Amino acid sequence: MKRTLIREIFTTKPIDQEVVVKGWIRSVRNSKKFSFVVLNDGSDQDSLQIVVDATLPNYQDVASLLMGSAIGVKGKIVASNGKQPVEMLALEIEVIGRTTEEYPLQKKATSLEFLREQAHLRIRTNTFGAVARVRHELAQATHKFFSERGFFYLNSPILSAVDAEGAGEMFAVTSFNLNEPEKFPKTNGKVDFSKDYFGKEAFLCVTGQLEGECYAMGLGQIYTFGPTFRSENSNTTRHLSEFWMIEPEIAFAGLDEVAELGADYIKYMINHALTYCSKELEFLLSREESVLKLDHIETLKHVRDSKFQRVTYRDAMAILEKCGKKFEYPVGFGHELQTEHERFLAEEHFKAPVIVTDYPKQFKAFYMKLNPDNETVRAMDILVPGIGEIIGGSQREDKLELLQRRMDELNMQQDPLWWYLDLRRFGSVPHAGFGLGFERAIMYITGMTNIRDVIPFPRTPKNCDF
Ligand code: 4AD
Ligand code: MG
């Protein structure tokens with residue numbers, strides 16, 4: 001008989017029918033005449049309760065199985081007055097994979113910190129199953145949202161020769177043997193990368209934006225959705241060394257279009273999660289350790305149905321100066337908007353996501369379009385409660401001369417970016433885009449507070465296990 005997913009059993013409720021399920025045991029409770037086995041197969045937030053009659057030939061064996069064992073069960077689905085609408089009466093049970101007393105996921109020791117050290121097994125817990133299913137649905141929602149609006153999915157490269165954000169936070173990629181630095185080819189005392197694999201220095205990408213711009217200048221509108229890498233030494237609950245980013249880019253558009261697109265995209269994801277992951281969200285928000293509670297679902301509905309506020313960086317700083325709150329970092333025009341400021345704006349002042357625009361040019365990357373004030377750029381960040389920045393974007397400088405002037409100011413070499421400058425030489429048009437940190441979006445929607453818990457295998461400073 002073919003295996004049926006537990007999710008399907010809960011949705012179709014095939015009462016009185018015989019089906020086969022396979023999964024991992026969450027618990028076994030024995031009474032005199034029966035055992036109750038709780039089985040989860042990953043397809044659904046809820047587990048299936050299986051009633052095992054003591055008359056079953058291998059009853060003793062089944063009754064002694066430990067949590068984490070894998071079994072297959074042929075049984076009859078019956079109505080239940082338990083938490084689930086249906087349960088199963090076992091007819092035959094096959095023990096597929098036993099476990100031992102050493103199985104690390106025992107009921108008591110499952111703090112999120114502990115589970116980070118068991119990243120290969122933590123997917124078998126309710127919490128990580130829920131997060132993984134939400135993550136899957138938000139990825140589906142992403143492709144749906146952009147595709148419905150006529151954006152093409154671009155697979156931007158992962159290996160790159162340029163520091164597109166100019167922040168110097170790049171992981172080098174080389175075929176030189178790092179164990180034999182004395183053998184590196186050198187010219188004038190410096191490593192000669194022309195002898196390296198690519199004939200030049202290469203890195204893992206920090207963004208797919210620049211290649212995204214190339215494709216937007218022909219396809220009209222594109223989005224990327226891929227991994228990006230940053231060697232910033234930020235050991236925070238919101239930074240990863242490897243994270244996934246979605247970067248749309250639109251030709252013939254300015255900052256207003258992408259600000260609206262960003263807000264619509266966040267709302268679309270919220271709606272998708274509320275529609276397809278309600279069990280998961282309810283579970284995650286009702287955990288004791290969850291900072292956000294079930295009323296977060298109402299908050300999300302409200303955000304989905306309301307317009308995002310907009311404020312310029314200048315006005316945001318004025319709000320911070322006047323609010324009377326003591327911050328660790330200074331506020332006022334010319335200071336960086338730090339996470340504590342971002343969170344104050346979103347959580348306490350606006351009490352909702354907010355779009356901040358027109359930042360001073362010194363805080364932003366070289367490619368952003370200069371405003372007529374010569375001081376600020378057409379940049380926007382979308383900040384959300386609990387996290388701060390979730391989206392960073394801008395209108396791009398489309399005038400060759402202005403872009404070159406900015407690169408000179410920043411002492412950037414133009415040669416490696418000759419192709420990027422070509423976009424401004426041949427049929428240049430106003431264009432704009434943004435990047436959304438996928439993990440930050442998952443955190444915002446699920447209420448998870450550490451970014452290490454919303455990506456399957458987190459990479460952070462000093463941690464590249466699994
Ligand atoms: O603001 P960022 O650096 O912008 C860019 O990379 C642009 N190229 C985007 C564009 O205009 N196409 O990063 C964009 C978003 C941030 O808002 C944040 O959500 C996320 O990426 N992000 C990180 N997420 C996890 N860990 C990190 N270390 C992150 N750095 C940025
Ligand atoms: Mg940013």
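What you see is a predicted model, and the numbers here were worked out from it, not measured in a lab. In each ligand, atom 1 is the first atom listed, and ligand 1 is the first ligand listed. The first residue of the sequence shown is numbered 1, and numbering continues consecutively from there.
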Residues E348, K325; criterion salt bridge (Lys or Arg N to Asp or Glu O under 4.0 Å); working and verdict | CA-CA 11 Å; E348 296 180 48; K325 194 175 163 115; 3.1 Å; yes
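For the residue pair L403 and L421, the shortest heavy atom distance occurs at CD2-CD2, 3.6 Å.
Looking at D358 and T312, their side chains never bring a donor and an acceptor atom within 3.5 Å of each other.
Between Y223 and H143, the gap from one ring centroid to the other is short of 6.0 Å.
A cation-pi contact links K364 to Y359, judged by a cut-off of 6.0 Å to the six-membered ring centre and 45° from its axis.
Among the backbone and side-chain atoms of E389, an N, O or S atom lies under 2.8 Å from the Mg ion (ligand 2).
Using a 4.0 Å heavy-atom criterion, the residues that approach ligand 1 are E165, T207, Q209, R230, E232, R238, H239, L240, F243, M245, E247, Y367, E389, I390, I391, G392, G393, R396, G433, F434, G435, G437, R440, I451.
Taking CZ from R122 and CG from L105, the interatomic distance works out to 11.0 Å, rounded to the nearest 0.5 Å.
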